[in-house]
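Order of the sequence lines sets the chain letters (A, B, ...), proteins ahead of strands, with each chain counted from 1.
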Amino acid sequence: MKIATYNVNGVNGRLPILLRWLKEQAPDIVCLQELKAAQESFPAAALRDAGYGAIWHGQKSWNGVALLARGRAPLETRRGLPGDPDDAQSRYIEGVVEGIVIGCLYLPNGNPAPGPKFDYKLRWFDRLATYADELLHLDIPAALIGDFNVMPTDLDVYKPERWKDDALFRPEVRTAFQALLAQGWMDALRALHPTGRIYTFWDYFRNAYARDAGLRIDHLLLSPALSGHLVEAGVDRHVRGWEKTSDHAPTWIELADHR
DNA sequence: ATGCCGTATATAATACGA
C-alpha cells in the first residue's frame, strides 16, 4: 500500500498536475495540503472520475487539507485539531482507510519569527503533540502525515546556517518535532534513509530546483503498530520539474500488508 | 541576502507562502 502527501499549493489551479501524478503513481492514500479553496470549491467530481474518494476541510483562499483514497471513501474521524475551538484555520482532517487512522495536517508556517504567527505555530505544535500522544495510546495503526513546515535536522536543509533564524528551522520547532519522535512516532523517510539528503520542497525563486537548494518539510510519521510494515519511502521529485507545478513534490511510503 | 515566483481574491494590488 502506497501512502503519499502532497502540498499542491492551490488544488484547482493544480488539478491537471494532481491528476497526472495520480494516474502515473496510483497511490492508495493521499494527503493534500494548501487546497486554497472553499469547502464547496473542492474538485470532488474530477477526483471521483479519477478513481478517488475524498474528505476535505476547505477554507477560502488559504490553507485547506484533504484525504483521498483510491477506490473507496475515507471514513472521517476528525476535522480540526482539538485544543482551540476558536481556531478557524483549516489545517487538520483525519479519516480511517483500510484500518489505518490517517491524520492529514498542514502545520503553520510561522514566519516572521518571533511574532504572533510564530506564537500560533508553537501553540498549534503543542496541540498536535497532545493529540498525537493520545493517538499513540490507542495502540492502533496510525499515521500523521503532511506539511509540518519543519526541517528536523541540518541534513534536511541545503544550507542550514542561512535558515537558523527561520520559523521552519528555529530550535523551538525542531525540538517540538523531536518530541513527537520521542513519543514513539517514526519519521518514515529518515528511518529508511538515515544519512541521505532528501528534499520535498524547492523554492520557485533563484532556480532552487535546478540547484537542488531544497528543504525536507513534508513528513510521514508512523505509529509503532504501523512502522514495522514500512518497506520503502521516497519523493517523486520529477513532479517538481513539471510545468505549472507546486513548489512541493509528492512524498510517499510503501507499506507491506499491515493486516 | 532578497519573496526575484506563484496562487489566491475585491482582476489591481495585496496577502501569503518558506
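Across all strands, A/Asp147 comes closer than 4.0 Å only to sugar-phosphate atoms, never to a base (heavy-atom distances). Across all strands, A/Lys117 comes closer than 4.0 Å only to sugar-phosphate atoms, never to a base (heavy-atom distances). Using a 4.0 Å heavy-atom cutoff across all strands shown, A/Tyr106 reaches sugar-phosphate atoms only and no base atom. Heavy atoms of A/Asn9 sit under 4.0 angstrom from primed sugar atoms or phosphate atoms, though from no base atom. Within 4.0 Å (heavy atoms only), A/Asn207 reaches no atom of the nucleic acid at all.
With respect to A/Lys159 and A/Asp154, no salt bridge is recorded, no charged nitrogen being found less than 4.0 Å from a carboxylate O. In summary, A/Arg237 and A/Asp212 engage in a salt bridge, as defined by a charged side-chain N under 4.0 Å from a carboxylate O.
Of the candidates B/dA1, B/dA10, B/dG6, the closest approach to any side-chain atom of A/Lys60 belongs to B/dA10. Of the candidates B/dC16, B/dA1, B/dT7, the closest approach to any side-chain atom of A/Lys244 belongs to B/dT7. In the set B/dA1, B/dG17, B/dT9, the nucleotide with an atom closest to the side chain of A/Arg162 is B/dA1. Listed nucleotides B/dG3, B/dA15, B/dG17 differ in distance to A/Trp62; the shortest reach to its side chain belongs to B/dA15.
Residues A/Phe177 and A/Phe148 place their aromatic rings such that the two centres sit under 6.0 Å apart. Taking the six-membered ring for Trp and the full ring otherwise, A/Phe169 and A/Trp163 have centroids separated by 6.0 Å or more.
Distance A/Arg240 CZ to B/dG6 C1': 10 Å, rounded to the nearest Å.
Using atom C1' as the reference point in both B/dG3 and B/dA8, the two lie 16 Å apart (nearest Å). When the C1' atom is used for both B/dA13 and B/dA1, the distance is 26 Å, rounded to whole Å. For B/dG6 and B/dA10, the P atoms lie 23 Å apart once the distance is rounded to whole Å.
Nucleotides of DNA chain B nearest to A/Ala37 and A/Asp203 differ in position, and the one nearer the 5' end is that of A/Asp203.
Using a 4.0 Å cut-off, no side-chain N or O of A/Lys36 falls inside it from OP1 or OP2 of B/dG17. Side-chain N/O atoms of A/Arg14 include one lying less than 4.0 angstrom from OP1 or OP2 on B/dT7.
Judged by atom type and distance alone, A/Asn149 does not reach the base of B/dG17 through any side-chain donor-acceptor pair under 3.5 Å.
Side chain of A/Tyr92 to backbone of A/Tyr106: no donor-acceptor contact under 3.5 angstrom is found.
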